[in-house]
Protein chains: 2
Amino acid sequence: MKTTPLRQEFILHFGEMGSRWGINRTVGQIYALLFLSSEPLNAETITEALGISRSNTSMGLKELQSWNLVRLKHVPGDRRDYFTTPDDLWEIVRTLVAERKKREIDPTLTKLRELEMQGPAGDDYAEARIAELRELIEMMTGFYAEMEKLETERLVKLMTLGSRIAGLIDKTGGMIPSLTKRK
Amino acid sequence: MKTTPLRQEFILHFGEMGSRWGINRTVGQIYALLFLSSEPLNAETITEALGISRSNTSMGLKELQSWNLVRLKHVPGDRRDYFTTPDDLWEIVRTLVAERKKREIDPTLTKLRELEMQGPAGDDYAEARIAELRELIEMMTGFYAEMEKLETERLVKLMTLGSRIAGLIDKTGGMIPSLTKRK
DNA sequence: CCTTCGTTTCAGAAATTTCTGAAATCACTG
DNA sequence: CAGTGATTTCAGAAATTTCTGAAACGAAGG
């Protein structure tokens with residue numbers, strides 16, 4: 001396991017960014033290490049490469065597995081678990097977005113619907129604001145669901161349309177008036 | 001400052017979600033309170049409504065200001081500062097996305113470019129992976145830049161196109177081959 | 001069914017983040 | 001330019017999160 005200065009710096013950066021991304025330093029570092037590694041690594045190797053405790057590695061890997069961000073591999077004749085990240089970066093992005101949505105958006109959408117269910121609370125302003133927020137989140141998650149369905153090639157085409165995007169949507173499609181009326 | 005049960009629950013939810021969103025509980029609660037309030041609130045009112053210390057309110061508001069998520073208002077004949085959230089939810093979303101990009105994506109993009117600048121490090125796999133990651137992030141931020149330019153009405157149209165989105169991009173536009181080739 | 005190798009769990013230690021109260025600062029007003 | 005009210009700063013306290021080492025667990029292989 002050579003750790004070149006290039007890798008080192010990349011790994012440290014991911015560690016530092018970890019907290020901003022809602023994971024901790026160790027998890028960020030483990031992920032970075034796996035990301036740059038062409039072959040799968042086992043927990044012992046990771047532990048040594050990062051200079052952390054064995055149990056910390058175990059917890060970090062568990063966390064990454066809960067995010068579906070690592071794949072478990074088995075080497076024939078070796079009982080240890082080996083881990084990798086997917087080769088396909090788009091797969092990684094899709095997973096990341098899906099998981100963040102699940103953790104950061106869905107619980108709130110559920111809560112907003114719940115609050116609306118509880119019926120009129122005699123607080124018109126708050127009720128209106130909550131309804132409006134719920135509508136907006138629903139619109140965005142609906143859009144996301146469509147994007148998610150696209151195969152990667154189409155997604156790339158869409159993303160590289162550049163300024164032609166604006167032109168695409170001139171004459172087409174419906175809208176939700178209540179969300180566009182605000183001044 | 002009436003705090004109805006509806007508001008209360010909304011505020012508590014935003015407080016709990018705070019940590020997942022990369023802000024802390026207090027900041028989440030302050031934002032939720034302001035979001036549901038039709039009139040601007042001053043720091044003292046916020047402090048009382050949330051049962052926190054005055055200094056905590058001050059720090060929370062500072063944080064929200066650094067995110068550009070609150071607006072400062074002044075009531076004539078009152079020297080205290082009053083705070084609100086924008087009426088327009090789309091403005092809020094735009095701000096949120098822009099700030100998160102600035103904090104979570106841009107530093108990494110900069111770092112990746114920096115690493116590539118340092119020239120060949122004799123570590124082909126890592127270098128290729130880093131270049132690929134940088135390309136992908138650039139594509140996504142480029143797409144984001146286009147979306148950001150759209151006026152809200154077009155954005156809403158685009159988002160509500162539903163399954164017609166897939167059809168839109170059949171025959172159009174270029175792509176970056178290196179990013180679509182992977183199996 | 002014991003041994004060995006590998007992994008996970010968990011209680012406490014260490015580090016970090018958040019929150020508070022007191023003091024400092026700032027900015028109008030008389 | 002003193003006095004008052006509003007806001008910010010900041011050092012330490014409290015709370016939370018992360019990390020570790022030791023022990024528990026699990027699953028082949030003999």
Side-chain angles (χ1 to χ4, degrees), chain A residues 1 11-12 14-34 40-67 69-84 103-104, chain B residues 1 11-12 14-34 40-67 69-84 103-104:
Chain A
M1 251 306 301
I11 290 167
L12 290 179
F14 268 58
E16 281 165 29
M17 294 300 288
S19 51
R20 302 200 193 184
W21 296 337
I23 57 177
N24 65 40
R25 179 173 34 214
T26 304
V27 174
Q29 291 186 354
I30 294 176
Y31 192 78
L33 179 67
L34 293 177
L41 304 178
N42 63 46
E44 184 55 24
T45 310
I46 295 170
T47 300
E48 283 163 14
L50 300 180
I52 59 180
S53 73
R54 184 59 187 65
S55 54
N56 199 5
T57 303
S58 177
M59 285 177 148
L61 286 169
K62 205 176 112 196
E63 171 86 357
L64 284 172
Q65 281 176 294
S66 87
W67 280 80
L69 280 172
V70 292
R71 309 230 159 300
L72 187 54
K73 293 247 161 143
H74 277 111
V75 174
D78 185 338
R79 358 199 198 111
R80 290 171 294 180
D81 290 339
Y82 284 78
F83 299 88
T84 34
R103 288 155 201 252
E104 300 181 6
Chain B
M1 249 307 299
I11 289 167
L12 290 179
F14 267 58
E16 281 165 28
M17 294 300 287
S19 51
R20 302 200 194 182
W21 297 336
I23 58 178
N24 66 39
R25 178 174 34 216
T26 305
V27 173
Q29 290 187 355
I30 294 176
Y31 192 78
L33 179 66
L34 293 175
L41 304 178
N42 63 47
E44 184 56 23
T45 311
I46 295 169
T47 300
E48 282 163 14
L50 300 181
I52 58 179
S53 74
R54 186 54 235 292
S55 54
N56 199 5
T57 304
S58 176
M59 286 176 148
L61 286 169
K62 205 176 110 197
E63 170 88 355
L64 284 172
Q65 282 175 293
S66 86
W67 279 81
L69 280 173
V70 293
R71 309 231 159 299
L72 187 53
K73 293 247 160 140
H74 277 112
V75 175
D78 186 337
R79 346 198 202 120
R80 290 172 296 180
D81 290 340
Y82 284 77
F83 299 88
T84 34
R103 287 155 200 251
E104 301 181 4

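Note that the structure is a prediction, hence the values are computed from the model and not measured. All chains are named by letter (A, B, ...) in the order of the sequence lines, taking the proteins before the strands, and each is independently numbered beginning at 1.
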Within the structure, does a side-chain N or O atom of [X] lie under 4.0 Å from either OP1 or OP2 of [N]?
{"X": "Arg54(B)", "N": "dG21(C)", "value": "no"}
{"X": "Asn24(A)", "N": "dT17(D)", "value": "no"}
{"X": "Arg80(A)", "N": "dT7(C)", "value": "no"}
{"X": "Lys62(B)", "N": "dT9(D)", "value": "yes"}
{"X": "Arg79(A)", "N": "dC5(C)", "value": "no"}

Interatomic distance, [X] [atom1] vs [N] [atom2] [rounded to whole Å]:
{"X": "Ile23(A)", "N": "dT17(D)", "atom1": "CD1", "atom2": "C1'", "answer": "14 Å"}
{"X": "Leu61(A)", "N": "dG6(C)", "atom1": "CG", "atom2": "P", "answer": "16 Å"}
{"X": "Ile52(A)", "N": "dA14(C)", "atom1": "CD1", "atom2": "P", "answer": "18 Å"}
{"X": "Asp78(A)", "N": "dT4(C)", "atom1": "CG", "atom2": "P", "answer": "19 Å"}
{"X": "Leu50(B)", "N": "dT18(C)", "atom1": "CG", "atom2": "P", "answer": "16 Å"}
{"X": "Asp81(B)", "N": "dT25(C)", "atom1": "CG", "atom2": "P", "answer": "20 Å"}
{"X": "Gln65(A)", "N": "dT7(C)", "atom1": "CD", "atom2": "C1'", "answer": "11 Å"}
{"X": "Phe83(B)", "N": "dT8(D)", "atom1": "CZ", "atom2": "C1'", "answer": "11 Å"}

List the atom of [X], the atom of [Y], and the distance in Å for their closest heavy-atom pair.
{"X": "Ile11(B)", "Y": "Gln29(B)", "result": "O-CG, 3.6 Å"}
{"X": "Ala49(B)", "Y": "Leu33(B)", "result": "CB-CD2, 3.9 Å"}
{"X": "Gly28(B)", "Y": "Phe14(B)", "result": "O-CB, 3.6 Å"}
{"X": "Phe83(B)", "Y": "Leu34(B)", "result": "O-CD2, 3.5 Å"}
{"X": "Met17(B)", "Y": "Glu104(A)", "result": "CE-O, 3.6 Å"}

For DNA chain D, whose closest nucleotide is more 5', that of Glu44(B) or that of Ser53(A)?
Glu44(B)

From the set dC19(D), dT7(D), dT7(C), return the single nucleotide nearest to any side-chain atom of Thr26(A).
dC19(D)

By nearest atom, which of the nucleotides dT8(D), dT16(C), dT20(D) is closest to the Asn56(A) side chain?
dT20(D)

Check: Ser55(A) side chain, dG21(D) base, donor-acceptor under 3.5 Å
yes

Toward the 5' end of DNA chain C, by each residue's nearest nucleotide, Ser19(A) or Asn42(A):
Asn42(A)

